[in-house]
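Values in this document were obtained by computation on a predicted structure and should not be read as measured data. Quick note on labels: first sequence line is chain A, next is B, and so on, each numbered from 1.
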Number of protein chains: 2
Amino acid sequence: MAQYSRARLDASFAALSDATRRGVLEQLGRSDASITALADKFHMTLTGMKKHVGVLEQAGLVATEKVGRVRTCRLGPRRLEEEVEWLERYRQLWDTRFDELDHVVAELKQREMLSPPKKRK
Amino acid sequence: MAQYSRARLDASFAALSDATRRGVLEQLGRSDASITALADKFHMTLTGMKKHVGVLEQAGLVATEKVGRVRTCRLGPRRLEEEVEWLERYRQLWDTRFDELDHVVAELKQREMLSPPKKRK
DNA sequence: AGAATACTGAGCCATATGGTTCAGTATCTA
DNA sequence: TAGATACTGAACCATATGGCTCAGTATTCT
């Protein structure tokens, strides 16, 4: 499960690290769209957009279906739950470290009061 | 601000897209560490780890300070707030789309009831 | 049927990434 | 002072990424 999650986080964070792809997700959040429509909206060739959609699809963030000659893209099955979880856990760690730092600072101040420091160099 | 945020999200999601770097962040959440200590822990050369730390530092996720010959790494100033915000907003979009889909399904079912298909039932 | 549309796939190009080695420099420690 | 330690920087390597063009195929429109 750790392995599984690792690859999953790798893929989704990588997918999210490109502004165009984030834009595509936001667009698909508003309405489904064809590859051509997305390519137009993001000022890019059809082929270029197809690659981006491929990356998003690989990461499970987009699902596509071809009907006739049009491939329609919509938001995929993943809700980025694990990703949010990871971030939340990180923030928790961060806050804890920050509190510790606060504590150290407070301790230093207290020591300073007890025995004032000598001249700094 | 949109521009600024775009580059920032690009950098932090890219930084998070590597399992080693996520591991480094988790480690630093537990305690500060030197480059050597991190390199050992993640079975990698010093130089390799230095690159990872550089990426994290560039993204503002890690801060380092060199004292004597040792460079100590600790969690950086950023708490990934914008990143969490982006993800939450995405999930909201996703939920909305899902609800719409639900609605469509409900509508279809209702129509089915009004004019039932001949064959079944 | 013929033309336009929508995608697909191969492949090119420049740059970035994740790792390495090797050769330093700076700083401890005995 | 000599040697070990900790980092630094350059350079190499293989692969991935983000774009592109070009040449298709399949579908739809007139």
Enumerate all atom pairs, one protein N or O and one N or O from nucleotides 16-18 of chain D, separated by less than 3.5 Å.
{"unit_1": "D:dG18", "atom_1": "OP1", "unit_2": "A:Arg21", "atom_2": "NH2", "d": "3.0"}
{"unit_1": "D:dG18", "atom_1": "OP2", "unit_2": "A:Arg21", "atom_2": "NH1", "d": "2.8"}

Close N or O pairs between protein and nucleotides 21-23 of chain D (under 3.5 Å):
{"unit_1": "D:dT21", "atom_1": "O4", "unit_2": "A:Thr47", "atom_2": "OG1", "d": "3.4"}

* Structure fact -> Taken to the nearest whole Å, NE2/A:His43 to P/D:dC20 is 12 Å
Compile the donor-acceptor pairs under 3.5 Å between side chains in residues 83-91 of chain A and protein atoms, sequence neighbours left out, one pair per line.
{"unit_1": "A:Glu83", "atom_1": "OE1", "unit_2": "A:Arg78", "atom_2": "NH2", "d": "3.0"}
{"unit_1": "A:Glu83", "atom_1": "OE2", "unit_2": "A:Ser12", "atom_2": "OG", "d": "2.5"}
{"unit_1": "A:Glu83", "atom_1": "OE2", "unit_2": "A:Arg78", "atom_2": "NH1", "d": "3.4"}
{"unit_1": "A:Glu83", "atom_1": "OE2", "unit_2": "A:Arg78", "atom_2": "NH2", "d": "2.7"}
{"unit_1": "A:Trp86", "atom_1": "NE1", "unit_2": "B:Glu26", "atom_2": "OE2", "d": "2.8"}
{"unit_1": "A:Arg89", "atom_1": "NH2", "unit_2": "B:Glu26", "atom_2": "OE2", "d": "3.0"}

* To the nearest Å, give me how far apart CG (B:Leu56) and P (C:dT17) are. => 13 Å
* Structure fact -> side chain to side chain donor-acceptor pair (under 3.5 Å) filter on B:Glu65, not counting sequence neighbours, yields none
* Asked: Mind checking what makes side chain to side chain contact (heavy atoms under 4.5 Å, CB included) contact with A:Ala33, not counting sequence neighbours?
  -> A:Leu28, A:Ala37, A:Leu38
* To do: Just compare D:dG9, D:dG19, C:dG9 and give me whichever is closest to any side-chain atom of A:Lys50.
  => C:dG9
* Pairs where residues 28-38 of chain A contributes a residue and the test salt bridge (charged side-chain N to carboxylate O under 4.0 Å, His left out) is met, not counting sequence neighbours -> A:Asp32-B:Arg97
* Asked: For A:Asp10, which residues count as a side chain to side chain contact (heavy atoms under 4.5 Å, CB included) partner, sequence neighbours excluded?
  -> A:Arg6, B:Ala19, B:Arg22
* Asked: Which ring pair (Phe, Tyr, Trp, His ring centres under 6.0 Å) pairs, counting each pair once, include a residue from residues 53-79 of chain B, with sequence neighbours left out?
  -> none
Using a 3.5 Å cut-off and no angle test, enumerate the donor-acceptor pairs between side-chain atoms of residues 45-62 of chain B and protein atoms at least two apart in sequence or in another chain.
{"unit_1": "B:Thr45", "atom_1": "OG1", "unit_2": "B:Gly48", "atom_2": "N", "d": "3.0"}
{"unit_1": "B:His52", "atom_1": "ND1", "unit_2": "B:Arg21", "atom_2": "NH1", "d": "3.2"}
{"unit_1": "B:Glu57", "atom_1": "OE2", "unit_2": "B:Thr64", "atom_2": "OG1", "d": "2.9"}

* May I ask you to list the residues of residues 61-71 of chain B, by number, that have any heavy atom positioned under 4.0 Å from an atom of DNA chain C? => B:Gly68, B:Arg69
* Using a heavy-atom cut-off of under 4.0 Å over every strand shown, decide if B:Leu46 touches base, sugar-phosphate, or nothing. => base
